[in-house]
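Right, one structure below, let's go through it.
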Amino acid sequence: MTTATKTKMTLVQAVNDSLKCAMRADDSVLVLGEDVGPKGGVFLATDGLTAEFGEERCFDTPLSEDGIIGVGIGMAMNGMKPVCEIQFQDFIFPAFDQIVSEAAKMRYRSGGQYTVPMVIRTPYGGGIRGGLYHSQSGEAYFCHTPGLKVVVPSNPYDAKGLLAAAIADPDPVLFLEPKALYRSSKMEVPDEEYIIPLSKVATVIDGDELVVFCYGAMVPVCTKAAERVKESRGASIRVVDLRTLMPLDEEAVLDAIRECGRVVTVHEAPRFCGFGAEISALAAEHAIEYLEAPVKRVTGFDTPFPNTLEHYYMPDTRRVVDAIEEALDF
Amino acid sequence: MTTATKTKMTLVQAVNDSLKCAMRADDSVLVLGEDVGPKGGVFLATDGLTAEFGEERCFDTPLSEDGIIGVGIGMAMNGMKPVCEIQFQDFIFPAFDQIVSEAAKMRYRSGGQYTVPMVIRTPYGGGIRGGLYHSQSGEAYFCHTPGLKVVVPSNPYDAKGLLAAAIADPDPVLFLEPKALYRSSKMEVPDEEYIIPLSKVATVIDGDELVVFCYGAMVPVCTKAAERVKESRGASIRVVDLRTLMPLDEEAVLDAIRECGRVVTVHEAPRFCGFGAEISALAAEHAIEYLEAPVKRVTGFDTPFPNTLEHYYMPDTRRVVDAIEEALDF
Amino acid sequence: MIQILDPKGNQVGTPPNVDPKVVIRMYRAMVATRQFDDRAMKLQRTGKVGFSIPNEGIEAVSAGAAAALDASKDWIAPHYRDFAMALFHGVKPQEMMDNMFGNQDDHARGRQMPVHFTFTEPIRWLSISSPLGTQVPNAVGIAMAMQKRGEDGVVLTSFGDGSTSTSGFHSGMNFAGVTQAPVVFLCQNNQYAISCPVEKQTASSSFAIKGEAYGIPGVKVDGNDVLAVYDAVKKAVDRARNGGGPTLIEALTFRMGGHSTSDDPRRYIEASVMDEWAAKDPIARFRVYLEREGILHPGDADDIQEEFAAVMKEASEVAEGKARPALETIFSDTFKDMPEHLKAQRDWCISHYSSRDESVNEKGEFPL
Amino acid sequence: MIQILDPKGNQVGTPPNVDPKVVIRMYRAMVATRQFDDRAMKLQRTGKVGFSIPNEGIEAVSAGAAAALDASKDWIAPHYRDFAMALFHGVKPQEMMDNMFGNQDDHARGRQMPVHFTFTEPIRWLSISSPLGTQVPNAVGIAMAMQKRGEDGVVLTSFGDGSTSTSGFHSGMNFAGVTQAPVVFLCQNNQYAISCPVEKQTASSSFAIKGEAYGIPGVKVDGNDVLAVYDAVKKAVDRARNGGGPTLIEALTFRMGGHSTSDDPRRYIEASVMDEWAAKDPIARFRVYLEREGILHPGDADDIQEEFAAVMKEASEVAEGKARPALETIFSDTFKDMPEHLKAQRDWCISHYSSRDESVNEKGEFPL
Ligand SMILES: Cc1ncc(C[n+]2csc(CCOP(=O)(O)OP(=O)(O)O)c2C)c(N)n1
Ligand SMILES: Cc1ncc(C[n+]2csc(CCOP(=O)(O)OP(=O)(O)O)c2C)c(N)n1
Ligand SMILES: [Mg+2]
Ligand SMILES: [Mg+2]
């Protein structure tokens with residue numbers, strides 16, 4: 001990869017690029033969903049795919065998430081590699097049964113005779129004035145469903161490599177794209193295909209006084225928070241981007257907890273039974289003797305997602321800074 | 001209530017009795033679902049309702065959970081009190097969108113102009129050789145969805161009183177009935193209507209060395225475990241039946257944690273992002289200085305629910321005893 | 001396909017027997033809607049609101065259908081592209097603009113995106129949900145409640161052509177067929193679901209024929225002909241009110257622009273198709289008829305348009321000037337009574353934001 | 001409604017042109033199914049298995065449809081009440097009985113309830129799911145994959161009358177209409193969904209007519225007439241194989257007993273209705289025809305019945321004697337490669353249960 005050419009691109013462009021690489025390399029990779037064809041997707045994640053690969057390989061579907069996932073499962077069982085787009089993660093719920101009952105359980109219930117190597121891509125999260133139904137973060141639902149993998153990239157480079165890994169994976173993968181980061185910045189991304197293995201965290205900033213666990217759109221927020229605390233009081237804050245939520249790299253998470261002794265988890269989803277609770281539970285079950293402060297969660301509130309006040313609902317840098325400082329000062 | 005007559009009944013009979021009391025007291029209470037009419041429900045929870053109240057008030061529906069909940073919401077918005085039955089909790093997923101997007105968010109999104117005072121009753125959990133699709137425990141999905149209440153009774157008396165409270169509640173309530181306990185034992189239940197308030201835990205056994213949090217079918221399992229540990233080593237184990245999972249009586253939970261210092265949470269659902277994680281997270285966030293041992297979870301495994309080996313999958317008394325002892329010996 | 005006025009405004013069928021005052025109200029609702037759209041587009045282009053849903057081309061479907069209802073007892077479970085239903089029944093443009101801005105007077109208390117209206121007065125209007133098709137079984141449930149109480153109200157529910165593919169359409173239609181609930185299903189067939197044309201949406205020969213699958217009669221009308229829509233919906237409403245059961249009405253129309261203020265239809269609709277439908281404008285056609293019948297006098301149409309342009313401008317200025325909702329509204333209405341954990345979160349939130357020395361970064365743009 | 005044999009076995013239509021060997025296979029599959037049922041009922045009554053789904057009355061639907069497929073390239077995405085499809089294609093009763101007991105040789109490795117079969121040989125048989133209707137869009141996806149690769153395989157998917165109310169039916173039919181995928185939709189209309197009769201299930205005039213909603217031709221056949229079913233399905237399969245698109249076939253039949261071994265139909269079906277349909281038994285009718293045509297000779301039918309009674313008895317005894325699946329099977333097949341957290345749970349589980357001095361309480365009874 002050292003001699004490879006690179007291009008500056010946004011996260012959504014990296015998704016698009018990853019899809020193109022996969023479709024060029026493997027004829028069985030298909031893209032389907034609402035408006036993914038000539039329009040190129042409402043966020044342009046599938047821009048140009050129909051033009052390059054034809055309607056056979058990138059196609060619009062009727063307005064039925066149940067159908068998109070339902071036929072995706074069938075295609076995956078019969079030799080294809082479907083990448084299904086759900087236009088907003090908020091609209092995945094009509095397909096919940098197909099995902100939870102069929103995709104997640106097919107290998108298990110058939111004793112491995114049938115499998116569903118499928119990817120479900122969908123933009124999630126707040127920050128675009130989408131209100132209750134264009135802002136949700138449903139990762140906890142899917143992480144609690146055995147048989148599914150859940151991946152959340154936080155930057156263009158990871159997006160391309162993790163999506164490649166998801167497409168190569170033999171099991172169903174939910175690929176949650178932080179829509180707030182779709183175009184927020186650009187990054188150099190290799191032109192050729194590469195894979196970032198699933199179930200490996202990335203340490204964004206190293207540190208040993210406190211660890212912040214985050215993913216997706218909260219990664220830049222937490223990174224900034226760690227930098228601010230470093231500046232303001234010289235504290236050494238580690239920021240870990242979980243990247244794959246299920247199967248979680250539990251060993252890396254626990255190592256970080258044991259090394260730092262103080263923990264803050266940050267996500268946009270509501271707190272109660274959210275993903276952060278699992279991190280806290282792992283800490284309380286396997287690393288309690290290392291804990292030097294309350295294990296904190298900085299999250300969305302336990303309400304539906306508002307609109308006008310969304311930036312008061314979502315964790316921001318200042319809220320993360322406050323939580324870090326409280327834990328440090330405990 | 002002191003002079004009231006009582007009848008010995010099973011949990012499923014108590015559900016039936018509670019429905020009858022509510023329907024007698026209030027014409028707007030309706031029961032709908034698959035096979036709830038002449039057949040009386042596959043578990044006979046609605047036995048005799050059509051005979052007593054007519055097809056207008058207890059009626060069979062087409063085979064569509066999306067429709068059952070969808071029309072239930074409409075009826076609730078327009079002055080009725082529908083009690084919808086989902087035949088097995090495993091079959092609630094086709095209605096997930098209606099529950100999560102509509103029932104849970106109606107009050108919020110309409111600024112309180114429209115509301116959904118509806119109850120969704122459904123049998124959940126393992127122990128009846130039901131395999132992947134007649135055994136699941138999905139409480140964590142619903143507890144993570146702001147706008148829903150989630151209630152789980154563990155005995156006939158509570159079942160009647162909590163269901164009455166659920167029906168009286170102005171918001172949508174998911175009422176999860178532990179099918180393994182439907183006929184496992186009988187208990188004296190008052191004949192007249194009574195309400196057990198939501199969001200109040202019940203301390204089944206008092207104790208101060210360790211607290212076990214549980215609900216539904218795990219309550220008798222945990223009770224037996226606590227008794228065994230008391231016998232074997234004289235340890236004073238508190239058993240708390242959470243009864244309402246959302247809104248959780250957090251104060252009572254935290255008080256118990258602070259008083260006991262050692263915590264075990266038990267549920268049948270998979271561990272990862274399960275309800276137990278929230279209890280652990282509350283402990284780690286608000287009571288860390290009281291914790292004397294790792295906060296343990298005894299749960300189903302992170303796999304789909306098996307059939308032949310279901311009793312090896314589900315927590316049993318011995319597994320709870322072991323966890324209690326490990327925590328005591330830490 | 002039922003038609004009363006052809007695209008040029010010529011009478012080709014028998015107009016329904018309807019009070020000219022109601023006819024004028026339909027026209028006014030259509031013009032008001034177009035002026036609302038025009039204002040919303042300007043607001044979105046200038047960054048004052050994030051998003052709107054244009055109704056251009058669809059106004060006759062909503063106005064004609066709404067006119068068939070009795071606001072004192074009927075309900076509307078609308079599609080989002082139904083502004084004219086609200087305006088016909090006298091919802092104030094100010095209330096709608098307050099929702100566009102999500103300000104403190106918004107009925108949704110700033111929690112929903114623009115155009116997600118909710119009203120209880122002057123007609124019950126089911127709070128709009130973004131997930132498509134969900135209102136269909138909800139509407140049937142509302143109607144079943146009326147039926148059980150022996151009331152004679154009717155529920156009108158509308159949805160797009162794309163929405164017929166959702167499970168809500170399927171379950172709602174099926175329950176209505178079985179229960180014979182008093183519902184009128186109105187399919188606003190504007191031929192696209194965002195970029196997806198009807199032929200990729202379904203292979204059925206029409207949307208009206210989908211009623212067959214549920215034992216519900218189907219009717220197809222020219223959706224750009226407000227009198228035809230009124231006529232068909234009125235007959236269906238009367239039938240439902242009299243215990244005759246549900247009807248599915250397909251109103252054939254066309255979205256004369258993008259799906260939303262963020263969509264560019266030129267990526268997927270030929271210019272010639274746009275032109276063809278521009279010639280079928282429902283307002284222009286209706287105006288020709290009204291002027292010919294002497295219901296509108298020369299100058300009236302222009303006056304009405306100016307009147308609503310001014311009304312919408314003012315409403316938007318007033319809405320813009322209103323405060324945002326209080327922080328507390330993040331928490332209230334999750335449940336009727338706020339549980340302890342939400343009180344704690346609310347208290348934390350209010351104290352955090354009122355004490356912190358750093359403002360909140362509020363950027364964020366809606367892409368669709 | 002297409003009929004070739006009337007309830008008395010009289011020929012009332014033209015029999016399809018089909019090899020007598022195949023005709024015999026159909027008959028044998030039907031009888032094998034009834035004997036399987038009989039054995040399963042005994043096993044359930046004696047508490048040896050928890051549950052079964054009787055096929056009594058339905059055998060012609062499954063056998064006739066299965067016979068229209070080419071096992072080398074076609075797939076089945078079945079309803080659970082389709083044992084005869086498996087038996088027709090040569091699935092071994094032993095394999096099915098292993099599933100009934102959930103033993104170590106069960107293809108589902110003891111994870112599913114009884115009758116939730118999964119096979120890849122001799123025909124691809126989509127692993128049965130309990131949630132109803134989900135197999136319908138899955139079947140369409142399987143067919144779309146064939147279509148995209150230019151193969152000429154066909155997918156047969158079947159489902160009950162009740163299952164037509166699910167969202168899977170709606171989305172699957174709709175996608176098939178639009179894509180013209182090579183699928184045959186077989187609605188096994190046995191007139192009940194557990195206790196719910198068809199008139200409470202849908203108000204449509206038939207199930208076949210539901211195809212109209214999706215642009216898919218619908219055909220109604222006498223489901224107790226195996227030749228009629230074969231004929232209709234064969235035509236639909238041929239059409240699909242030749243690029244002619246999907247077909248919906250409604251096979252009218254009747255469940256001659258309870259929904260499952262735990263259900264008592266007398267709570268909701270009149271005895272007279274049961275009697276009426278007993279006289280329409282699909283096996284008896286077919287036997288009359290086969291004997292009249294000389295395809296079965298006197299005594300053959302009884303021999304076949306005895307043969308299968310013995311086969312099923314033996315298969316069940318063998319299945320009963322097999323060990324249960326290993327503890328490890330709780331964990332394997334959740335993912336292809338077992339992740340670390342599951343390895344840890346597996347290791348804990350094996351060490352816990354192999355070291356503990358207390359057995360596991362295994363009671364539990366299936367209510368439905
Ligand atoms: C369940 C669901 N899936 C996807 C979307 C995203 N989406 C919003 S509008 C739309 C198209 C709707 O088409 P149609 O029903 O024809 O209504 P129209 O916009 O044409 O009036 C889509 C796909 C959604 N809102 N809900
Ligand atoms: C989604 C879903 N809801 C409910 C059930 C429970 N259930 C099992 S079988 C059945 C009736 C099915 O009726 P039908 O489709 O006509 O098939 P039949 O049993 O008559 O062959 C029901 C309601 C289920 N399995 N799946
Ligand atoms: Mg449309
Ligand atoms: Mg049936």
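Just so it is clear: chains get the letters A, B, ... in the order the sequence lines come, proteins before strands, and each one is counted from 1. Only this structure's heavy atoms are used, side chains among them; waters, hydrogens and symmetry mates stay out.
The most heavy-atom pairs under 4.5 Å with chain C, out of B:E251, B:E102, B:M80, B:E250, come from B:E102. In terms of heavy-atom pairs under 4.5 angstrom with chain B, the leader among C:N138, C:T334, C:T329 is C:N138. Of the listed residues B:P82, B:P62, B:A104, B:S101, the one with more heavy-atom pairs under 4.5 angstrom with chain C than any other is B:P62. Most heavy-atom pairs under 4.5 Å with chain B, from the set C:D106, C:V140, C:T134, C:L126: that is C:T134.
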For this session: Using the side chain to side chain contact (heavy atoms under 4.5 Å, CB included) rule, take C:S129 and B:R109 through it: C-alpha gap first, then chi angles, then the decisive distance, then the call.
Result: CA-CA 8 Å; C:S129 178; B:R109 79 166 190 241; 3.4 Å; yes

Exercise. Going through the checks in order, is the side-chain hydrogen bond (donor to acceptor under 3.5 Å, both in side chains) test met by B:Q113 and C:S127?
Worked result: CA-CA 8 Å; B:Q113 294 198 334; C:S127 156; over 6 Å; no

Problem set entry | Worked check of side chain to side chain contact (heavy atoms under 4.5 Å, CB included) between C:W75 and B:N78 | CA-CA 10 Å; C:W75 288 57; B:N78 190 9; 3.7 Å; yes

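Along residues 141-158 of chain C, the residues that come nearer than 4.5 angstrom to chain B, judged on non-hydrogen atoms, are C:G141, C:I142, C:M144, C:A145, C:M146, C:K148, C:R149 in order of number. Scanning residues 64-76 of chain B against chain C with a 4.5 Å non-hydrogen threshold yields B:S64, B:D66, B:G67, B:I68, B:G70, B:V71, B:I73, B:G74, B:M75, sorted by number. Of all residues spanning residues 168-179 of chain C, those with a heavy atom less than 4.5 Å away from chain B's heavy atoms are C:G168, C:S171, C:N174, C:F175, C:V178, arranged by number.
Between the CG atom of B:L248 and the CD atom of C:E340 there is a distance of 11.5 Å, given to the nearest 0.5 Å. Between C:R109 atom CZ and B:S110 atom OG the span is 10.5 Å, to the nearest 0.5 Å.
No part of C:S130 comes within reach of chain B, as not one of its non-hydrogen atoms sits under 4.5 angstrom from that chain. Of the two parts of B:P170, only the side chain, counted from C-beta on, holds a non-hydrogen atom closer than 4.5 Å to a non-hydrogen atom of chain C. Heavy atoms closer than 4.5 Å to chain C are found in both the backbone and the side chain of B:K149. With a 4.5 angstrom heavy-atom cutoff, C:Q112 touches chain B only via side-chain atoms. Interface remark: C:I128 contributes backbone atoms only to the contact with chain B (heavy atom separation under 4.5 Å). The contact between C:A108 and chain B is made by backbone and side chain atoms together, counting heavy-atom distances below 4.5 Å.
Of all the heavy atoms in B:M246 and C:F335, the pair that sits closest is SD-CZ, 4.5 Å. When all heavy atoms of B:Q98 and C:P137 are compared, the closest pair comes out as NE2-CG, 3.4 Å.
Around the NZ atom of C:K336, the shell of radius 6.0 Å holds no more than 12 heavy atoms that belong to other residues, nucleotides or ligands. The number of heavy-atom neighbours closer than 6.0 Å to OH of B:Y290, taken from other residues, nucleotides and ligands shown, is 12 or below. Counting non-hydrogen atoms of other residues, nucleotides and ligands closer than 6.0 Å to NZ of C:K322 gives a total above 12.
A donor-acceptor contact shorter than 3.5 Å links the side chain of B:Y114 to the backbone of C:W125. The backbone N or O of C:I330 lies less than 3.5 Å from a partner atom in the side chain of B:Y108, making a donor-acceptor pair.
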Cut-off 3.5 Å, no hydrogens considered: what does the side-chain donor-acceptor table look like for residues 117-124 of chain C, sequence neighbours left out?
none

